[in-house]
Engineer: 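Submitted below is the structure of interest, expressed as C-alpha cells.
Note on naming: letters A, B, ... go to the chains in the order of the sequence lines (proteins, then strands), and numbering restarts at 1 for each one.
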2 protein chains.
Amino acid sequence: MNLLVKEPKTKRGLNTLNRICDSAKQLFYEKGYHNTSINDITDGANIAPGTFYIYFNDKYNLYKYLLLQYSHDIRKSIRLATENCESRYERERIGLKTFLKYIHKHKNAYHIIWESLYIDYELFRAYYVDFGQRYSNGIIAGQKENEVRNVDPTVLSFMLMGISNFIGLNYAIFADGKDFDDVVDKVMDILKNGMFKK
Amino acid sequence: MNLLVKEPKTKRGLNTLNRICDSAKQLFYEKGYHNTSINDITDGANIAPGTFYIYFNDKYNLYKYLLLQYSHDIRKSIRLATENCESRYERERIGLKTFLKYIHKHKNAYHIIWESLYIDYELFRAYYVDFGQRYSNGIIAGQKENEVRNVDPTVLSFMLMGISNFIGLNYAIFADGKDFDDVVDKVMDILKNGMFKK
DNA sequence: GTCTCACATGAAGGACCTTTCATGTTTAGT
DNA sequence: ACTAAACATGAAAGGTCCTTCATGTGAGAC
C-alpha cells in the first residue's frame, strides 16, 4: 500500500495513472516542478483537471512518488551492473559508467532529484545521506579486502558522489556524449594515481 | 550601469534597496525562489509592495542580481585567499578550504546558485562552464609548472568542482562544522595519493 | 441484463500573486 | 526656505491556479 498514490483497481485506471506520471515527468523536466501546474499535467495526459485528484492528493505527492521511483531505479541499475565485478576498482568504474548512462538516458531523473532541495529539504538530505551511507559501506568493504587505501569512508564517498554528479553534469547533461568510456577512463586514472606529480 | 537594478540616487534609496536584497536572500534561502512572493519580500523589508518596482522590474531580475553578486563574491574570496600560494597543491588546499568556509557562512549562496537550474538553465550552464574553464586554466598552468600530472584539464576541473560541492554539501550544509582543516587534509591526501592501494 | 463500484468530467468558488498608478512624502541642491 | 526630482504608499484590477463536487459514463460481477 502506497500512501503517496491512490492505486487504481482497473486497467482503465492504471492507464490513466501512467499517463499522469508520464506527462508530469516530461513537464517537470521541461519547465520544472514549480512552473508546472496541475492543469498542465492533466492537459498533457489528456484528462480533465478533476481526474488528477482521483490518484493524488496534490502535486507534491506526485512529485514525491516520482522521486522515489527514480531513486530506486537508479540504484537498481547500478546494483545490477556492478554485482559481478571482480575488484573494487572495477566496481567503481562500472558504477560511474552506469550512472552516466542512466542520467543521460533519464535526464529528468537528475533534475527531479536535485530539485528536491527546493521542494523538500529533508527529502533531499535523506537521499544523499542514505546514498553516502551505502557508498561508505562499499568503501569499508574495499578496505577490508585491502584494495582501497585507509582513508575516511565518508569523505571518500562524498568525493565520489560529487565526481559522478559533476562529470555527469558536464558530459551527460551539458554535452550530449553517447559514449562515456573515454571520460570514465580518465576519471579512474586520477582516482588511482592522484592529480599531482610525486 | 546595471541593467538588472534601477540604482537609487539617495541614501534613503540605497537603504531600501539593501533591505529588499537582504530580505530576498533570507527568504530565497528559507522558502526557495518560487515559494517566495514579492509580497513576502516587501513584508520582510518593511516596505509597501509597490516600492519593490522602483528598484526591480520583477522577481527574476532581483534573483539574477543576487546570483551575480554571490558568484563574483565567491570567486573573489577564493582569488584573494589563493593568490599568494607557493605551489599548486597549496592553492588547491586553500581554495577548497575557502570555498567550504564561504558556503558555510553564506548558505544562501549555495542555494541560490544551484536553484538557477530551475529558474534559468542557461544561466546555470554558463556559470559552471565558465567556472570550469577558469579552473582548467589553473590546471594547465600547474601542468606547465610540472606540478600537476598530465591529465585532461576539463575532466579534472569538473571532478574538483564536484568534490568541493559535495564535500561542502555534507560538511558545511548538512553538518554544521566550524573547522574544515581536518576534512580538507583528508581530501588532499586522496587527491595526492589516489583512493586505491598499489 | 442489471447492479454497483470505479472512474471521469468541467464549471465554479476561493485563494493568492503580480503589477500599476494616482497620490503623498522626503531628500538634496541652491 | 524653496523646488524639482527621487522615493514611498496601498488599494485595486486582472491573472493564474488549486480544489471541490454534483453529475455522468464505463467496466466488471453475478
Engineer: Output yes when at least one side-chain N/O atom of Thr10(B) is less than 4.0 Å from OP1 or OP2 of dC7(D), else no.
Structural biologist: yes
Engineer: Select from Leu14(B) and Pro49(A) the residue whose nearest nucleotide in DNA chain D is closer to the 5' end of that strand.
Structural biologist: Leu14(B)
Engineer: Could you check, using the six-membered ring where one of them is a Trp, whether Tyr128(B) and Trp114(B) have ring centers closer than 6.0 angstrom?
Structural biologist: yes
Engineer: Separation of Phe56(A) atom CZ from dT20(D) atom C1', in whole Å?
Structural biologist: 19 Å
Engineer: Can you tell me the distance, in whole Å, between the CG atom of Leu17(B) and the P atom of dC7(D)?
Structural biologist: 10 Å
Engineer: For the rings on His111(A) and Tyr33(A), is their centre-to-centre separation under 6.0 Å?
Structural biologist: no
Engineer: Please list residues of residues 24-44 of chain B whose heavy atoms come under 4.0 Å from any atom in DNA chain C, ordered by number; otherwise none.
Structural biologist: Ser37(B), Ile38(B), Asn39(B)
Engineer: Establish, with yes or no, whether the OP1 or OP2 oxygen of dT9(D) is under 4.0 angstrom from a side-chain nitrogen or oxygen of Tyr53(B).
Structural biologist: no
Engineer: Does a side chain donor of either Asp120(A) or Tyr60(A) reach within less than 3.5 Å of an acceptor in the other side chain?
Structural biologist: yes
Engineer: Categorize Lys11(B) for me: base, sugar-phosphate, or nothing, with a 4.0 angstrom heavy-atom threshold over every strand shown.
Structural biologist: sugar-phosphate
Engineer: Could you state the CZ-C1' distance from Phe52(B) to dC7(D), rounded to the nearest angstrom?
Structural biologist: 16 Å
Engineer: So if I take every side-chain heavy atom of Ala48(B) and compare against dG10(D), dC7(D), dC18(D), which nucleotide ends up nearest?
Structural biologist: dG10(D)
Engineer: For the rings on His104(B) and Phe180(B), is their centre-to-centre separation under 6.0 Å?
Structural biologist: yes
Engineer: Rounded to the nearest angstrom, tell me the gap between atom CD1 in Ile54(A) and atom C1' in dG24(D).
Structural biologist: 12 Å
Engineer: Select one nucleotide: of dG10(D), dA6(C), dT9(D), the one nearest the side-chain heavy atoms of Lys9(A).
Structural biologist: dA6(C)
Engineer: Measure from NZ on Lys6(B) to C1' on dT19(C) and round the result to the nearest Å.
Structural biologist: 11 Å
Engineer: Rounding to a whole Å, what distance do you find between Asn15(A):CG and dA27(D):P?
Structural biologist: 12 Å
Engineer: Looking for any heavy atom pair under 4.0 Å, which part of the strands does Tyr55(B) touch: base, sugar-phosphate only, or nothing?
Structural biologist: sugar-phosphate
Engineer: Starting at the 5' end of DNA chain C and moving along, which residue's nearest nucleotide shows up first, Asp58(B) or Ile47(A)?
Structural biologist: Ile47(A)
Engineer: Give a yes/no verdict on a cation-pi contact between Lys31(A) and Tyr118(B), requiring under 6.0 Å between NZ or CZ and the six-membered ring centre and an angle within 45° of the axis.
Structural biologist: no
Engineer: Is it the case that the ring center of Phe56(A) lies less than 6.0 angstrom away from the ring center of Tyr65(A)?
Structural biologist: yes
Engineer: So if I take every side-chain heavy atom of Arg12(B) and compare against dT25(C), dC7(C), dT19(C), which nucleotide ends up nearest?
Structural biologist: dT25(C)
Engineer: Please give, in whole Å, the distance from dT19(D) P to Tyr60(A) OH?
Structural biologist: 14 Å
Engineer: Given dC7(D), is OP1 or OP2 found less than 4.0 Å from the side-chain N or O atoms of Thr51(B)?
Structural biologist: no
Engineer: May I have the distance from Glu7(A) (atom CD) to dA6(C) (atom P), rounded to whole angstrom?
Structural biologist: 14 Å
Engineer: Salt bridge check: are Asp130(A) and Arg75(A) linked by an N-O gap of less than 4.0 Å?
Structural biologist: yes
Engineer: Salt bridge or not for Asp176(B) and Lys107(B), using N-O below 4.0 Å?
Structural biologist: yes
